[in-house]
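Counting starts at 1 for both ligands and their atoms, in listed order. Atom set for the values below is all heavy atoms of this structure, side chains included, hydrogens, waters and symmetry mates excluded.
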Amino acid sequence: TMRQILVLNLGSSSIKYELFDMDSGSVLESGLAERIGESESCLKRQLPQSSANSPSQTINASIPDHRHGIELIRRMLAENELFAGGEHLVGIGHRAVHGGERFSSPTLIDDKVIESIRELVPLAPLHNLANLVGMEVARSAFPGVPQVAVFDTAYHQTLPRYAYRYAIPDDWYRRFQIRRYGFHGTSHAYVAKQVAGHLGRPLADLNTIVFHLGNGASAAAIRGGESVDTSMGLTPLEGLVMGTRSGDLDPAIVFHMAKEAGMSMDQLDTSLNKQSGLKGICGANDMREILAMAAGGDEAAGLAVEMFAYRIKKYLGAYMAVLGRLDAVAFTAGIGENSPEVRALSCADLEPLGIAIDPVLNTADGGPVREIQSAGSRVRVLVVKTDEEFEIAEQTLACLQNDLG
Ligand code: ADP
């Protein structure tokens, strides 16, 4: 009998879903409900090439809220001959963003867990509220199907105390839970396993630095499969330069701009999260577009790419020191997987540290995991295609199996 897992990932105005057959690891259907609550809302559906129906469809439907979105997804799944009546669906895995200190592993969702996630809303208001809606709606749309929350922060709960605490009044941590949590944990965990699998070495013996470079970007230092440091902090704003987020900065800039430019806290929040990063420097936040602008001689775009890569290089150096012995560096997500320019620039001139990328391998095509270091490089450099949805499905299944005893 087939075991299917449905993965749900709710954003503020979108729902991503993916249905897996866990016995073959294949995707039976995936899709994205977009612009929920707006006039042009729609559902984009992807079916496997082998399907009798056309593999990709866009359904223009009014999706006033997430509840309607999940209902529509349920109706679409019911039309998929492989899903049928849902009798093979063994669980639903939810991408959950902020698990605070309470959740360090995938967790079976019940009323108490929902309550705990609600208590964590102040740490990630937009994300956790969307996640909660998803969990509550999915429970009523798929009654009796066990649901599991897989947290973005969970993987980083292994950080040592001296790495996750900020050097600020102790009371801020005790009363307001101000500490480093880190995000993209599902992706970092998946990529670290892929690296170990590809190199044929036990994860427990491998020291890896993973750079997840998408619209949001973060680095993780991983020792023996455990995250020991990561660049995002209390929120995803800290660390690397991102599409629209500043990453690291002197916190005094915030109160300077409040005083000198009369900006409000909300304006500062929006500026640093939505109008900074690559966009702040050159006006565009899409790396493909920025690389094209830079190639065309746009100076600001060139600077944005240099700053993006330089920040990566600084974290690479810092995390080499953290790990002591570095075995592998892995690049993943939209930019990490697709931009040889960014990879080359981030690792340029690091031969003295044992890291060198081969220019031919760097620009070659390849499978989901490939090595790009040059022959003389002591450290392996890999490009890994991430798959957060599949990792959520695997963790969901593992959680259900543990729960059944
Ligand atoms: P998200 O964080 O939204 O999941 P992705 O992982 O899809 O983001 O990454 C999006 C980023 O990847 C964008 O900046 C996009 O320009 C970049 N990207 C995608 N393909 C390429 C490419 N071929 N070359 C350079 N950048 C790319």
Side-chain angles (χ1 to χ4, degrees), residues 7-18 30-35 44 46 95 97 124 126-127 130 150 152 182-191 194 210-220 230-232 235-247 273-296 298 300-309 311-312 330-347 357 362-366 368 370 372 383-392:
V7 173
L8 292 176
N9 181 351
L10 277 78
S12 54
S13 66
S14 67
I15 306 173
K16 230 168 137 180
Y17 73 97
E18 203 155 333
S30 65
L32 176 69
E34 278 184 305
R35 295 194 215 97
K44 293 192 177 121
Q46 266 323 110
R95 176 188 180 225
V97 173
L126 290 178
H127 283 122
V150 179
D152 246 20
F183 298 86
H184 290 143
T186 318
S187 178
H188 288 299
Y190 175 80
V191 170
Q194 293 294 107
V210 178
F211 289 100
H212 177 109
L213 311 175
N215 278 311
S218 72
T230 191
S231 59
M232 283 177 166
T235 76
L237 184 56
E238 196 181 349
L240 302 178
V241 174
M242 308 179 212
T244 64
R245 296 189 195 115
S246 62
N273 276 294
K274 303 226 153 85
Q275 286 146 14
S276 295
L278 299 169
K279 188 176 186 190
I281 300 301
C282 72
N285 63 281
D286 188 287
M287 185 55 89
R288 244 171 317 197
E289 191 184 331
I290 295 166
L291 288 165
M293 284 161 65
D298 185 310
L303 174 62
V305 176
E306 283 174 345
M307 289 172 68
F308 187 85
R311 189 76 56 85
I312 293 170
F331 289 94
T332 193
I335 301 169
E337 290 165 29
N338 297 303
S339 175
E341 295 93 334
V342 168
R343 294 191 299 255
L345 205 52
S346 314
C347 294
I357 289 183
N362 190 25
T363 48
D365 285 331
R370 59 197 182 87
I372 59 167
V383 177
V384 179
K385 190 170 162 23
T386 193
D387 194 343
E388 290 172 274
E389 275 71 26
F390 182 67
E391 178 66 22
I392 291 172

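Polar contact check, Met287 against ligand 1: a nitrogen or oxygen pair lies under 3.5 Å apart. Residue-to-ligand polar distances place Ile335 within reach of ligand 1: an N/O pair is separated by less than 3.5 Å. For ligand 1, the polar-atom distance check finds no N/O of Ser339 at less than 3.5 Å from any of the ligand's N/O atoms.
Looking at Arg343, its side chain does come within 3.5 Å of a backbone N or O of Gly336 through a donor-acceptor pair. Remark: side-chain polar atoms of Ser231 are paired, donor with acceptor, to backbone N or O of Ala219 under 3.5 angstrom. Judged purely by atom type and a 3.5 angstrom limit, Glu18 has no side-chain atom pairing as donor or acceptor with the backbone of Leu8. Judged by distance alone, with hydrogens and angles left aside, the side-chain atoms of Thr244 form a donor-acceptor pair with the main-chain N or O of Asn273 at under 3.5 Å. Here the side chain of Asn338 pairs a donor or acceptor atom with the backbone of Gly334 at under 3.5 angstrom.
Of all protein heavy atoms, the one lying nearest to atom 16 (O) of ligand 1 is Asp286 OD1, 2.7 Å. Taking atom 18 (N) of ligand 1 as the reference point, the nearest protein heavy-atom neighbour is Gly334 O, 3.6 Å. Of all protein heavy atoms, the one closest to atom 2 (O) of ligand 1 is Asn215 N, 3.0 Å. Ranking the protein heavy atoms by distance from atom 24 (N) of ligand 1 puts Asn338 O, 3.5 Å first.
Between the side chains of Thr332 and Glu337, at least one donor-acceptor pair of N or O atoms lies under 3.5 Å.
The side-chain heavy atoms of Glu34 and Lys16, taken from C-beta on, include no pair separated by under 4.5 Å.
The protein does not reach atom 4 (O) of ligand 1 closely, with no heavy atom under 4.0 angstrom from it.
The shell of residues lying under 4.0 angstrom from ligand 1, judged by heavy atoms, includes Gly216.
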